[in-house]
Amino acid sequence: MMPHVMEAMEEDFTVHRLWEAEDRDALLAEVGERVRAVGTSGNLGASAALMDALPNLEIVGCYGVGVDSIDLQHAAKRKVIVTNTPDVLNDDVANMAIALLLATSRRICVGDRYVRDGKWLKAAMPLTHSIRGKQLGILGLGRIGKDIAEKASAFGLELSYHGRRKQDDVSYRFFDNLVEMAENCDYLVAICPGGEATNNIVNRAVMDALGPEGVLINVARGTVVDEAELVLALQEGRLGGAGLDVFLEEPKVPEALFEMDQVVLQPHAASATVETRHAMGDLVVKNLRAHFAGQPVLTPVR
Ligand code: NDP
């Protein structure tokens, strides 16, 4: 949590810092019975074991919108409320998706290195590709996916999407089959939730359908893409490029990707702006305060 969020929490609550404890089990044994709320992040989550170490737990406030690392079933069983931080991060996460799309298609990082390494003094950089008129498929047309779609439309991209169901209130083309959508795409942006249902949903067949000119952008979760297959597809030229904000074992990233000019990497930073992180932190605190004031929480995960 950002310092100002911790300060806000400490105004109203006694805060125990589990992540700083040398012996976490000892801290849980000491204070577990008194703990009524957990503040956590999308990365750290909250396991069933953690919840069970806190018999009087009422609420888990997640600093992030993705809750795949929180055991929601167990929380429901224990009647623990879970909140997250939807919407306040849409704009920045969508911007990161668009930034990765432009960075890969226009080879922004390659161009930057080209200038710094003095290569421009010897020859012009090879031409890149424009995005206007190209097909963009969105895997997960939710809150953030819709924001990406709106921004991508302004860049002149043609939109389609894949999800578990067709949405009646949008005009973009719907594919009920992800491979089929990938066959029809130049760019595929993954922005669906992580977790079991989407584990490796972007598999070899999807990457091959996207093809040697195709580019995969992943701002969803590392688990959504078969990472070993992704490395292979890029190495073998079966996939044209990738813009990746998320990885399977963060902060570890497959080193094979470091050498690839057709890949742009980010350290899970899509929502990591001062403004958005402030808004997310404020929402975590507002949810906790509402709950302990006996009011309904603002953004429950249902
Ligand atoms: P929403 O719940 O609003 O949207 C999720 C979308 O994914 C829905 O359109 C849903 O459509 C689709 N979806 C859900 N399950 C499946 C499935 N099994 N197969 C295909 N599509 C599916 O979430 P948000 O837009 O707010 O956030 C989406 C995700 O983005 C988060 O869960 C998080 O993992 C990730 N994220 C990453 C960030 C980063 O820093 N890189 C920051 C913020 C979010 P339907 O119901 O029709 O299937």
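Counting convention: from 1, in listed order, for ligands and their atoms alike.
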Is atom CD of E255 surrounded by more than 12 heavy atoms (other residues, nucleotides or ligands) closer than 6.0 Å? no
Could you find the nearest protein heavy atom to atom 32 (O) of ligand 1 and give me its residue, atom name and distance? P193 CA, 3.3 Å
N287 and T299 side chains, donor-acceptor separation under 3.5 Å: yes
Out of all atoms in ligand 1, which are within 4.0 Å of some heavy atom of L141? Include the element for each. 9 (O)
Inspect the surroundings of CD in Q235 and state if more than 12 heavy atoms from other residues, nucleotides or ligands are less than 6.0 Å away. yes
The atoms of ligand 1 lying under 4.0 Å from a heavy atom of G163, numbered in the order shown, are 20 (C), 21 (N), 48 (O)
Are any of the side-chain nitrogens in R116 or D112 under 4.0 Å away from the carboxylate oxygens of its partner? yes
CG/L239 to CG/L216 distance, rounded to the nearest 0.5 angstrom? 6.5 Å
Is N90 touching ligand 1 with its side chain, its backbone, both, or neither, if touching means heavy atoms under 4.0 Å apart? neither
Please determine if D68 has a nitrogen or oxygen closer than 3.5 Å to a nitrogen or oxygen of ligand 1. no
With respect to V219, determine whether any N or O atom, backbone or side chain, lies less than 3.5 Å from an N or O atom of ligand 1. yes
Under the salt bridge (charged side-chain N to carboxylate O under 4.0 Å, His left out) rule, what do R17 and E10 come out as? Steps first, then yes or no, please. CA-CA 11 Å; R17 293 168 156 77; E10 274 167 339; 2.8 Å; yes
With heavy atoms under 4.0 Å as the rule, classify the contact between A220 and ligand 1 as side chain, backbone, both or neither. backbone
Applying salt bridge (charged side-chain N to carboxylate O under 4.0 Å, His left out) to R143 and D147, what does each step give before you reach the verdict? CA-CA 7 Å; R143 291 172 292 238; D147 201 326; over 6 Å; no
Atoms of ligand 1 less than 4.0 Å from C192 heavy atoms? 7 (O), 29 (C), 34 (O)
If you count heavy atoms of other groups shown closer than 6.0 angstrom to NE2 of H4, is the number above 12? yes
Check R165 against ligand 1 and report side chain, backbone, both or neither, counting heavy atoms closer than 4.0 Å. both
Backbone or side chain, does any N or O of T198 fall under 3.5 Å from an N or O of ligand 1? no
The answer for which part of I144 has a heavy atom under 4.0 Å from ligand 1 is both
Ligand-residue contact atoms, ligand 1 with V246, heavy atoms, under 4.0 Å: 41 (N)
Candidates G142, G66, G194; heavy atom nearest atom 9 (O) of ligand 1 found on G142
Could you please spell out the steps behind the salt bridge (charged side-chain N to carboxylate O under 4.0 Å, His left out) verdict for D208 and R204? CA-CA 6 Å; D208 284 349; R204 185 180 176 116; 3.8 Å; yes
Which atoms from ligand 1 have a heavy atom of V93 less than 4.0 Å away? 42 (C), 43 (C)
Where is the nearest protein heavy atom to atom 12 (C) of ligand 1: which residue, which atom, and how far? G140 CA, 3.7 Å
Given the side-chain rings of Y161 and F175, with only the six-membered ring counted for Trp, is the space between their centroids under 6.0 Å? no
Can V231 be reached from L265 by stepping across I, L, V, M, F, W or Y side chains whose heavy atoms are under 4.5 Å apart? yes
Identify the closest protein heavy atom to atom 44 (C) of ligand 1: which residue and atom is it, and at what distance? V65 CG1, 3.2 Å
Could you list which atoms of ligand 1 come closer than 4.0 Å to a heavy atom of A270? 39 (C), 40 (O), 41 (N)
Can you tell me if T85 uses its side chain to pair, donor with acceptor, with the backbone of G64 under 3.5 Å? yes
Q135 backbone acceptor or donor facing D186 side chain under 3.5 Å: yes
Nearest heavy atom to atom 23 (O) of ligand 1: which of R143, R164, M96 does it belong to? R143
Which residue and non-hydrogen atom of the protein lie closest to atom 28 (C) of ligand 1, and at what distance in Å? I191 O, 3.4 Å
I need the contact type for H268 against ligand 1. Using non-hydrogen atoms and a strict under-4.0 Å cut-off, is it side chain, backbone, both or neither? side chain
Are any of the N/O atoms in G145 less than 3.5 Å from those in ligand 1? no
P86 near ligand 1 by a heavy-atom separation under 4.0 Å: no
